[in-house]
Amino acid sequence: MSHQIPYRFEPDATAAVLAEKYGHLEDGSETGQRVTIAGRLMLRRVQGKLAFGTLQDGSGRIQLFAPSKVTPHFDDFTALSLGDWIGVSGEVMKTRRGELSVKVEEWTVLAETQRSFPDKFHGITDPDLRYRQRYVDLWVTPEARDKFVLRSNALSLMRRWLEDRDFIEVETPVFHPIPGGALARPFTTHHNALDSEFFLRIAPELYLKRLIVGGIERVFEIARVFRNEGISTRHNPEFTMLELYQAYADYGDMMELVEQLIEYLAIELTGSATITYDGRSLDLSAPWRRATLVELIAEHAGELVDLDTPVEELRTVCHRHDVPIKDSYGPGKLLLELYEKTVEPNLWDPIFVVDYPEEVSPLSRAHRDKPGYTERFEAIAAGRELCNAFSELYDPAEQRARFEDQVKAGEAGDEEAMAVDEDYLRALDYGLPPTGGLGIGVDRLVMLLADVQTIRDVVLFPTLKPEVFD
RNA sequence: GCCCCUGUAGCCAAGCGGUAAGGCAGUGGACUUUUAAUCCAAAGAUCGUGGGUUCGAAUCCCACCGGGGGUACCA
């Protein structure tokens with residue numbers, strides 16, 4: 001059947017609003033209140049001359065009550081397909097069985113579905129279908145929709161929280177002539193008119209610090225970044241990072257900011273600073289424990305090691321704990337590998353792991369009193385990395401030396417090593433004040449707050465192999 | 001990249017060497033308070049693709065394609 005589809009429609013109520021306003025009605029009562037709603041027909045129960053439907057809109061579900069004496073074109077109404085969009089006007093009422101309903105006194109088709117909707121009870125279970133046809137998943141899997149609403153709320157709360165602290169939001173380039181700000185393999189692309197190669201950004205870091213140089217003292221970006229790496233439950237090739245930079249601050253200030261922000265988000269989004277993740281309780285209340293990388297290795301692996309430990313001994317310790325290493329690794333990298341394999345997966349309660357070796361932290365400022373270390377930290381919760389932050393390296397000469405070390409690593413075969421960014425060094429020449437910087441993996445944070453185990457449940461359209469239509 | 005699992009009608013799903021259950025949706029019919037409505041009827045499947053083994057393959061083997069998980073790599 002083909003219908004005249006209107007160009008616009010004006011609902012004046014939603015399922016949620018009606019439930020809130022009229023939920024308390026007595027069974028079998030009528031209100032005299034006429035409303036107009038719109039949504040998708042999800043269920044239908046026709047009994048001869050009386051029909052019921054379940055309409056779902058963006059807010060929830062409400063029943064439609066359609067007696068043949070009241071509903072125009074009754075036969076057409078009962079012939080609607082599950083999945084059709086309709087607009088309905090009529091009185092708000094409650095049936096004898098106590099179901100809040102809208103009496104169908106007028107109705108209009110707003111879209112006809114050309115494909116049959118998934119099983120009305122089981123929905124979709126095939127993950128491939130859920131990810132590829134998210135437009136269907138969102139209708140038939142209410143939990144899926146809830147996660148994305150939570151994500152949206154998290155972003156919105158984050159923005160407001162930062163703006164309240166005088167951070168301003170900016171947008172910096174996605175096309176980078178030199179990939180930088182992180183250790184990762186980039187995607188490449190080509191601009192025809194400029195006849196130039198570009199890299200899709202792996203981090204906005206170096207541009208945001210240029211803005212600190214430019215006098216924007218508190219700045220943040222919610223940046224889609226792209227890394228040419230494998231896909232897993234924790235990795236999507238394009239993902240979202242919150243990066244922020246605060247002039248005159250150091251990594252200690254960043255720790256306070258992180259624990260306060262995350263605690264705030266947990267309370268606002270879940271009602272409590274103590275959340276449940278993967279069946280376990282996780283208390284995100286500030287303050288969080290602080291411990292150095294070296295302390296944690298002693299605590300979890302029982303090894304007393306440090307940057308002063310002879311390299312051969314560090315290698316032996318790595319072997320003892322089955323940590324795979326390469327010949328090119330210096331003491332700093334060996335310590336980091338040891339930490340990542342023996343400590344990180346065992347950390348559940350939120351913790352700041354502080355003071356990373358300089359060797360593996362090319363953009364962090366040297367520690368004020370520990371030679372060879374930097375003022376850098378990562379926050380870990382539920383065994384996952386939540387953020388990475390540091391007191392920013394301001395010294396152009398030192399930064400150049402770190403870049404050059406990276407270039408050497410690249411020449412030695414490290415495909416993720418950084419290149420020298422001359423313009424960034426020039427910016428540093430003009431003077432970067434003491435600055436605290438922070439990057440939070442937004443997708444992973446949302447996973448934690450939404451209690452989901454795969455990043456695909458918080459990314460609407462996760463990267464998949466392109467579908468072949470034949 | 002490697003390892004394991006997986007792919008049966010639009011959706012859910014059984015069958016696991018003997019020639020494709022069942023349910024939902026769709027079609028036709030009955031039914032004025034149902035809510036995964038119910039009842040009756042008919043219909044719908046190159047069992048991911050291509051090879052092979054076998055008298056016989058959805059079932060076993062190989063390759064390929066898609067998906068999931070793990071691992072490696074990785075902010």
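Throughout, a chain's letter reflects where its sequence line sits, starting with A, and its residues are numbered from 1.
The gap from the C1' atom of B:U35 to that of B:C40 amounts to 22 Å, rounded to the nearest Å. To the nearest whole angstrom, the two P atoms, one in B:G52 and one in B:A13, are 33 Å apart. Taking atom C1' in both B:A57 and B:G50, one finds a spacing of 15 Å when rounded to whole Å. The gap from the C1' atom of B:C16 to that of B:U59 amounts to 5 Å, rounded to the nearest Å. Nucleotides B:G22 and B:C60 place their P atoms 23 Å apart, quoted to the nearest Å. Between B:G28 and B:G68, the two C1' atoms lie 41 Å apart (nearest whole Å). Taking the P atom of each, B:G17 and B:U27 are spaced 39 Å apart, rounded to whole Å. Atom P of B:A21 sits at a distance of 13 Å from the matching atom of B:A58, rounded to the whole Å.
Using a 4.0 Å heavy-atom cutoff across all strands shown, A:Glu378 reaches at least one base atom of the nucleic acid. A:Arg444 comes within 4.0 angstrom of nothing in the nucleic acid, heavy atoms only. When heavy atoms are screened at a 4.0 angstrom cut-off, A:Arg96 is found touching base atoms of the nucleic acid. Among the atoms of the strands shown, none is found under 4.0 Å from any heavy atom of A:Ala182. Residue contacts shown for A:Gly123 are limited to sugar-phosphate atoms, with no base heavy atom under 4.0 Å away. Nucleic acid contact class of A:Phe65 (heavy atoms, under 4.0 Å, all strands): base.
In this structure, A:Thr233 reaches the B:G70 phosphate: one of its side-chain N or O atoms is under 4.0 Å from OP1 or OP2. Contact annotation: A:Thr125 does not reach the phosphate of B:G68 (side-chain N/O to OP1 or OP2, under 4.0 Å). Contact between the side-chain N/O atoms of A:Arg456 and the OP1/OP2 oxygens of B:G68 is found at a separation under 4.0 Å.
Between A:Ile297 and A:Leu335, the closest heavy-atom pair is CD1-O, 3.6 Å.
Following rounding to the nearest Å, A:Phe117 (CZ) and B:G10 (C1') show an atom-to-atom distance of 12 Å. The interatomic distance linking A:Lys333 (NZ) with B:C74 (C1') rounds to 9 Å, in whole Å. Between A:Ile455 atom CD1 and B:G68 atom P there is a gap of 13 Å when expressed in whole angstrom units. Residue A:Asp75 contributes atom CG, which lies 10 Å from atom P of B:G29 at whole-angstrom precision. Atom NE2 in A:His235 sits roughly 11 Å away from atom P in B:C73 (whole-Å rounding). The separation between A:Phe239 atom CZ and B:C74 atom C1' is 10 Å, rounded to whole Å. One interatomic measurement links the two molecules: CG of A:Asp414 to C1' of B:C73, which rounds to 11 Å at whole-angstrom precision. Straight-line distance from the CZ atom of A:Phe187 to the P atom of B:C74: 16 Å, rounded to whole Å.
Between A:Tyr251 and A:Phe377, the two ring planes are tilted [angle within 30° to 60°]. The aromatic rings of A:Phe175 and A:Phe198 lie tilted to each other, with the angle between the two planes from 30° to 60°. Between A:His176 and A:Tyr207, the ring planes lie tilted relative to each other; the angle falls in the 30° to 60° range.
Under the Watson-Crick and G-U wobble criteria, each requiring two contacts below 3.5 Å, nucleotide B:U59 is left unpaired. Using Watson-Crick or G-U wobble geometry with both donor-acceptor distances under 3.5 Å, B:U27 finds its partner in B:A41. Across the strands present, B:C2 finds its partner in B:G70; the criterion is a Watson-Crick or G-U wobble pair with both atom distances under 3.5 angstrom. Base pairing analysis places B:A9 opposite nothing; no Watson-Crick or G-U wobble pair with both distances below 3.5 Å involves it.
Taking A:Lys21 as the reference, nothing meets the salt bridge (charged side-chain N to carboxylate O under 4.0 Å, His left out) condition, with sequence neighbours excluded.
Counting only heavy atoms from C-beta on, A:Leu82 has its side chain closest to B:G26 among B:C74, B:G26, B:C11. The side chain of A:Arg234 lies closest to B:G70 when the candidates are B:G26, B:G67, B:G70. When distances are taken from the side chain of A:Leu129 to each of B:C74, B:G68, B:C12, the shortest belongs to B:C12. Comparing B:C12, B:C74, B:U32 by their closest approach to the side chain of A:Glu229 singles out B:C74. If you check B:U32, B:G66, B:G68 against the side chain of A:Ser68, the one that comes closest is B:U32.
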Return a single string for nucleotides 35-45 of chain B, one symbol per nucleotide in 5' to 3' order, where B is base contact, S is sugar-phosphate-only contact and - is none, cutoff 4.0 angstrom on heavy atoms. BBB--------

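Salt-bridge formation is detected for the pair A:Lys209/A:Glu205: a Lys NZ or Arg NE/NH1/NH2 atom is positioned less than 4.0 Å from an Asp or Glu carboxylate oxygen. In summary, A:Asp349 and A:Arg289 do not engage in a salt bridge, as defined by a charged side-chain N under 4.0 Å from a carboxylate O.
When each of A:Phe52 and A:Ser81 is assigned the nucleotide of RNA chain B with its nearest heavy atom, A:Ser81 is the one assigned upstream, toward the 5' end.
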List the atom pairs, with distances to 0.1 Å, where a side-chain N or O of residues 447-458 of chain A and a protein N or O form a donor-acceptor pair under 3.5 Å, not counting sequence neighbours.
unit_1   : atom_1 : unit_2   : atom_2 : d
A:Asp451 : OD1    : A:Asp278 : N      : 2.8
A:Gln453 : OE1    : A:Tyr277 : OH     : 3.4
A:Thr454 : OG1    : A:Arg456 : N      : 3.2

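Panel note: side chain A:Gln33, backbone A:Val92; no donor-acceptor pair is recorded below 3.5 Å. Using a distance-only test at 3.5 Å, with no hydrogens or angles considered, a donor-acceptor pair links the side chain of A:Glu91 to the main chain of A:Thr31.
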